[in-house]
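See below for the structure under consideration.
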Amino acid sequence: MSADNEITPQSQDFSAWYNDVVQHAELADHSPVRGCMVIRPYAYRIWELMRDALDEQFKHTGHENAYFPLFMPQESLDREAEHVEGFSPETAMVTEAGGSELEEPLAVRPTSEAVIWPIVADWIQSYRDLPVKLNQWANVVRWEMRTRPFLRTTEFLWQEGHTAHATAEEAEEEARTMLGVYRDFMEDWMAMPVVTGLKTDAERFAGAERTYACEAMMKDDKALQAGTSHFLGQNFAKAFDVRFQSEEGEHEYVHNTSWGVSTRLIGGLIMSHGDDQGLVLPPKLAPHQVVIVPIWSDAEEKDLVMTVAQRVNRVLSRSVRVHVDDREHVSPGAKFYEWERKGVPLRIEVGPKEVSSQELVTVRRYAPEGRERKRTYGEGKAIAMVPQVLEEIQDDLLQAAEERREERSVRGMEDYDEFRQHIGEKRGFVYSGWCGDGECEEKAREESKGTIRVIPDPEFRSEDAPSTCLVCGDEATEEVLWAQAY
RNA sequence: CGGGGCGUAGCGCAGUCAGGUAGCGCACCAGCUUUGGGAGCUGGGGGUCCCCGGUUCAAAUCCGGGCGCCCCGACCA
């Protein structure tokens with residue numbers, strides 16, 4: 001009676017598990033072009049929910065959406081020295097179009113600083129035109145060596161915020177604010193706790209003064225960089241001549257920021273909560289928050305059961321996203337497995353038994369120890385409780401992820417050899433001191449599997465500040481977070 | 001780009017060593033019986049066997065060349 005579980009267990013091969021979930025939860029499909037991916041409707045709906053939530057926050061913090069072109073002259077990309085050095089190896093170029101070779105090659109945006117600022121420069125004359133706070137929802141292309149669905153694809157969807165300010169302080173505040181927006185979204189909507197902080201020079205965005213990031217721990221104890229926010233200083237303003245006349249009449253360069261999150265977040269969602277049965281979705285981002293599975297054995301039963309199912313559906317639809325799975329020739333058991341594989345947070349079963357007892361069976365996709373997964377309530381109570389149950393599931397997921405992360409974090413590590421072994425075998429997060437020297441960072445990168453993910457923000461730092469550098473043993477100037485990275 | 005593996009139905013594979021009608025499981029379609037944790041039976045549809053060339057009466061199979069994909073590494077906001 002039982003079909004083989006087509007999903008590889010996480011403990012056996014996490015990477016195979018991930019690919020199986022992507023495939024069997026119908027999230028993505030392959031493309032004939034290497035590294036490109038089809039986002040299937042179920043995953044696209046998750047992306048829409050993410051997009052809507054983020055977009056509202058962007059507007060709330062004073063940003064306007066716009067859309068800039070996919071192509072730019074190659075020359076634009078070349079203008080900021082560090083930017084071009086960082087991005088040109090992975091930039092796709094169009095050299096031929098319309099049946100003939102182009103006089104100047106066109107670059108397909110890997111990010112849009114070099115598309116936006118040459119144009120927006122002309123929108124800014126005076127300090128009164130500032131700040132400019134733009135966002136765009138777009139696709140970008142980066143020719144990566146090695147790709148994985150959602151986590152790193154040749155083309156991906158994202159949002160990129162681009163702002164210009166009169167002062168460095170204001171731009172810095174903007175970069176920090178948006179990092180906070182990301183963090184709140186990841187915790188409140190994705191139930192994915194993150195450590196925020198500053199990137200080291202080695203990991204900084206090409207062309208930025210400072211890069212801030214959100215780092216999340218996946219279920220295989222590796223770190224995923226889930227979002228970044230950059231204080232760009234005046235590097236791009238100088239490269240693209242973005243100036244304004246100040247109140248004092250001086251011509252000054254603006255101070256910029258940029259910040260982005262991508263469809264990589266869907267990968268983060270999968271690896272934060274998924275289990276051997278498949279995807280587990282936090283209710284706030286679930287395309288179907290509740291699925292109703294009617295159970296019948298003949299036409300008469302079907303009528304009775306469907307009457308109740310539709311009634312429950314009508315009432316619930318007012319407050320939650322609910323789906324009635326009334327497919328004829330799929331057995332209830334098969335439906336249960338399918339919706340579990342797809343991560344639907346709550347299932348309601350209605351069969352002849354429930355019809356006669358005026359009850360409903362509710363089953364949670366995720367329930368921590370000590371909480372019942374399956375419960376039967378009177379119809380009215382079951383319906384009334386749904387919003388609360390969904391909130392509980394949302395909270396349970398965040399709490400479980402937080403607990404996992406803390407269990408898998410080690411603070412105050414001082415022995416370099418212990419570190420190398422720990423980060424290679426046990427993975428997880430390791431907090432240590434660092435002297436601030438890029439050579440120590442590079443040495444550890446070469447000799448261990450770990451890299452510095454961030455210099456954590458104050459609230460994530462250890463109570464006792466580490467005093468020595470993990471690598472060289474000299475005096476520490478910073479506390480840093482190490483992990484194996486995706 | 002280095003090391004390894006693989007290209008046969010939508011998916012997973014056998015067949016290749018030893019040339020001779022294109023197969024299996026799942027999925028799909030039809031009908032009947034089913035439906036409380038992945039239904040059963042019967043019937044059916046679906047193929048440039050990655051591509052090009054060669055050998056041969058005959059090539060998925062042998063030979064030569066090419067292309068693509070996957071894994072490990074290098075690379076990577």
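Within every chain, numbering begins at 1; the chains are lettered A, B, ... in the order of the sequence lines, protein sequences first and strands thereafter.
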When you compare [N] with [M], how far apart are their [atom1] atoms, in angstrom units rounded to a whole number?
N     : M     : atom1 : value
B/C69 : B/C50 : C1'   : 10 Å
B/U35 : B/C41 : P     : 16 Å
B/G54 : B/C28 : C1'   : 40 Å
B/C52 : B/U33 : P     : 50 Å
B/G7  : B/G66 : C1'   : 14 Å
B/G40 : B/G23 : C1'   : 24 Å
B/C26 : B/A9  : C1'   : 12 Å
B/G19 : B/A60 : P     : 14 Å

OP1 or OP2 of B/G38 under 4.0 Å from side-chain N/O of A/Ser331: no

Partner lookup for [N], please. Criteria are Watson-Crick or G-U wobble with both distances under 3.5 angstrom; report none if nothing qualifies.
N     : result
B/G25 : B/C11
B/G68 : B/C6
B/G38 : none
B/A60 : none
B/C49 : none

Across the strands shown, which category fits [X] at heavy-atom distances under 4.0 angstrom: base, sugar-phosphate, nothing?
X        : answer
A/Gln23  : nothing
A/Glu215 : nothing
A/Glu354 : base
A/Pro352 : base
A/Ser297 : base

Could you tell me whether the side chain of [X] and the main chain of [Y] form a donor-acceptor pair under 3.5 Å?
X        : Y        : result
A/Gln289 : A/Leu346 : no
A/Lys335 : A/Asp325 : yes
A/Tyr182 : A/Gly260 : yes
A/Trp434 : A/Asp437 : yes

Can a donor-acceptor pair be found between the side chains of [X] and [Y] at a distance below 3.5 Å?
X        : Y        : value
A/Glu209 : A/Asn235 : yes
A/Glu172 : A/Tyr212 : yes
A/Thr451 : A/Glu203 : no

Interface with RNA chain B, restricted to residues 343-351 of chain A and to heavy atoms under 4.0 Å: A/Arg347, A/Glu349, A/Gly351

Separation of atom [atom1] in [X] from atom [atom2] in [N], rounded to whole Å:
X        : N     : atom1 : atom2 : value
A/Lys353 : B/U35 : NZ    : C1'   : 13 Å
A/Glu340 : B/G36 : CD    : C1'   : 14 Å
A/Trp17  : B/C71 : CH2   : C1'   : 19 Å
A/Asp325 : B/G36 : CG    : P     : 13 Å
A/Asp20  : B/G12 : CG    : P     : 11 Å
A/Lys449 : B/G73 : NZ    : C1'   : 10 Å
A/Arg365 : B/G37 : CZ    : P     : 18 Å
A/Ile7   : B/G38 : CD1   : C1'   : 12 Å

Over all atoms of both residues, closest heavy-atom pair of A/Thr95 and A/Pro105: CG2-CB, 4.3 Å

Pair A/Glu442 + A/Arg445, salt bridge at N-O below 4.0 Å: yes

Residues forming a side chain to side chain contact (heavy atoms under 4.5 Å, CB included) with A/Asp20, sequence neighbours excluded: A/Ile7, A/Thr8, A/His24

B/U35 base / A/His329 side chain donor-acceptor hit below 3.5 Å: no

side-chain contact (heavy atoms from CB on, under 4.5 Å) partner of A/Leu397, chosen from A/Met192, A/Arg365, A/His273: A/His273

Polar atom pairs between nucleotides 75-77 of chain B and protein, under 3.5 Å, N or O only, would you list them?
residue : atom : partner  : partner atom : Å
B/C76   : O2'  : A/Glu144 : OE1          : 3.3
B/C76   : O2   : A/Arg152 : NE           : 3.0
B/C76   : O2   : A/Arg152 : NH1          : 3.2
B/C76   : O2   : A/Arg152 : NH2          : 2.8
B/A77   : O3'  : A/Gln225 : OE1          : 3.2
B/A77   : O3'  : A/Gln225 : NE2          : 3.1
B/A77   : O2'  : A/Gln225 : NE2          : 2.8
B/A77   : N6   : A/Arg142 : NH2          : 3.0
B/A77   : N1   : A/Arg142 : NH2          : 3.2

